[in-house]
2 protein chains.
Amino acid sequence: MNGQNPGSVSKLLVQICKLRRNKSNTLLATAGLHSGQDILLYHLSVEDGQTVSALVEKICIQHATISTMIDRMEAAALIRKEKDSLDKRVSRIYLMPKGKEALSQVVHIWNELEAVSLKGLTTDQHSLLAELLQLVLKNLS
Amino acid sequence: MNGQNPGSVSKLLVQICKLRRNKSNTLLATAGLHSGQDILLYHLSVEDGQTVSALVEKICIQHATISTMIDRMEAAALIRKEKDSLDKRVSRIYLMPKGKEALSQVVHIWNELEAVSLKGLTTDQHSLLAELLQLVLKNLS
DNA sequence: AATATTTAGTTAGTCGGCTAACTAAAATTA
DNA sequence: TAATTTTAGTTAGCCGACTAACTAAATATT
């Protein structure tokens, strides 16, 4: 199944994601975060007070998933959930001091992960990889 | 944070893995499998009757994770767990008919995922991508 | 105005993944 | 041989992710 041909890109992706995720988790743990919470905080840093639905779309996650996630992050004082005054169906999520603090560490963690992943690659290789991954991303979308 | 530079490979990887995983899950569901169970079955197809520890190493997973996974897959009649007669600590895992049947679908699913992911890429681009991902994988190992 | 439909989130239940703490058996070592 | 250490798996508890079924509120329709 794996002779001289280019090899399975899927398998490589699975392995890379597993390793990347493990590394990310251990780093995020030092910031008191769990896997995926970094992304939620990031989107709030771009725009605070977003609705749950808006976050769902940006993170590409299910309503059910983010719902419990938000509850846990609120319990951890990272964020705050508040009902919208006009539309009582919607909830808006706001960053809390502890969330902002974690966020500053998240940036470093992301930079470190990126640096480790691309160690030894030339700028051209980096660009090429990004381009090719863009194509793959488009194919899967 | 994201100007004209090559862009974050990490972000691309995260998005790709999320989409790939979703596609994989829906396909695997048609074979009666859950995420990750395909890989376990594959390794058993390479060598049946492996110990739990051997599978742990090959799949790069935690003992605890595979333990419950095996129980569930045994309950689903995909595999069978048997205590080794010589060393009573170890358990050996064997493919069951239902597992073999699912396996035949897994091959097709993997091929389809690979094809979808690489649609539109030339052979050169495919090779290049695999090479670059190999470098990233090595960096993360 | 009353009914139906769409939209926003939540809850229950399942699965993969992890860590930490544990049992049991084999292999070392004193 | 008896005590210690290592090895193999399990269990409990947590988190992210999903589907399916649900509540509640706003909007559309009749």
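Within every chain, numbering begins at 1; the chains are lettered A, B, ... in the order of the sequence lines, protein sequences first and strands thereafter.
Checking C:dG9, D:dG9, C:dC15 against the side-chain heavy atoms of B:His34 singles out C:dC15 as nearest. Distances were taken from every side-chain heavy atom of B:Ser53 (C-beta onward) to each of D:dA8, D:dT11, D:dA24; the shortest belongs to D:dA8. With D:dC15, C:dT11, D:dA26 as the candidates, the nucleotide lying closest to the side chain of A:Lys88 is D:dA26. When the nucleotides C:dA20, C:dT10, C:dG16 are ranked by their closest atom to the side chain of B:Ser35, C:dG16 comes out on top. For B:Val90, whose side chain is taken as the heavy atoms from C-beta onward, the closest listed nucleotide among D:dT7, D:dG9, D:dT19 is D:dG9.
Backbone-only contact: A:Ile61 has heavy atoms under 4.0 Å from sugar-phosphate atoms and none from a base. Among the heavy atoms of the strands, none lies under 4.0 Å from A:Asn25. Heavy atoms of B:Lys81 sit under 4.0 angstrom from primed sugar atoms or phosphate atoms, though from no base atom. Here A:Ile39 lies out of heavy-atom contact (under 4.0 Å) with every strand. When heavy atoms are screened at a 4.0 angstrom cut-off, A:Leu55 is found touching no nucleic acid atom at all. Looking at heavy-atom distances under 4.0 Å, A:His63 makes contact with a base.
At D:dA17, none of the side-chain N or O atoms of A:Thr65 fall inside 4.0 Å of OP1 or OP2 (strictly under the cut-off). B:Asn22 has no side-chain polar atom (N or O) that falls below the 4.0 Å cut-off from OP1 or OP2 of D:dA17. Proximity of A:Gln37 to the phosphate of D:dG16: a side-chain N or O atom is located under 4.0 Å from OP1 or OP2. Taking side-chain N and O atoms only, A:Arg72 has a distance below 4.0 Å to OP1 or OP2 of D:dG16.
The minimum heavy-atom distance linking A:Ile79 with A:Ile70 is given by the pair CD1-O, 3.8 Å.
Across the protein-nucleic acid pair, A:Leu28 atom CG and C:dT19 atom C1' stand 16 Å apart, rounded to whole Å. Put simply, CD on A:Gln62 is 12 Å from C1' on D:dG16, counting in whole angstrom units. At whole-Å resolution of the value, CZ in B:Arg89 and P in C:dA26 are 7 Å apart. In this structure, A:Lys83 atom NZ and C:dT10 atom C1' are separated by 9 Å, rounded to whole Å. Note: CG (A:Leu86) to P (D:dT27) measures 10 Å, nearest angstrom. For the pair A:Leu33 CG and D:dC14 P, the interatomic distance rounds to 19 Å; values are reported in whole Å. In this structure, A:Gln15 places its CD atom 14 Å from P of C:dG17, rounding to the nearest Å. What separates CG of A:Asp38 from C1' of D:dG16 is a distance of 12 Å, to the nearest Å.
Hydrophobic clustering (side-chain heavy atoms under 4.5 Å, transitive across Ile, Leu, Val, Met, Phe, Trp, Tyr) groups B:Tyr42 together with B:Leu27.
Remark: the backbone N or O of A:Arg21 is not paired with any side-chain donor or acceptor of A:Ser24 at under 3.5 angstrom. For the pair B:Asp48 (side chain) and B:Leu95 (backbone), a donor-acceptor distance under 3.5 Å is present. In this structure, the side chain of B:Asn139 engages the main chain of A:Lys119 through a donor-acceptor pair within 3.5 Å. Of the possible donor and acceptor atoms, one in the side chain of B:Glu114 sits under 3.5 Å from a partner among the backbone N and O of A:Ser10.
Between A:Arg21 and A:Asp87, the residue anchored nearer the 5' end of DNA chain D, judged by the nucleotide with its closest heavy atom, is A:Arg21. Residues A:Thr26 and B:Thr68 each lie close to DNA chain C; by heavy-atom proximity, the contact nearer the 5' end of the strand is made by B:Thr68.
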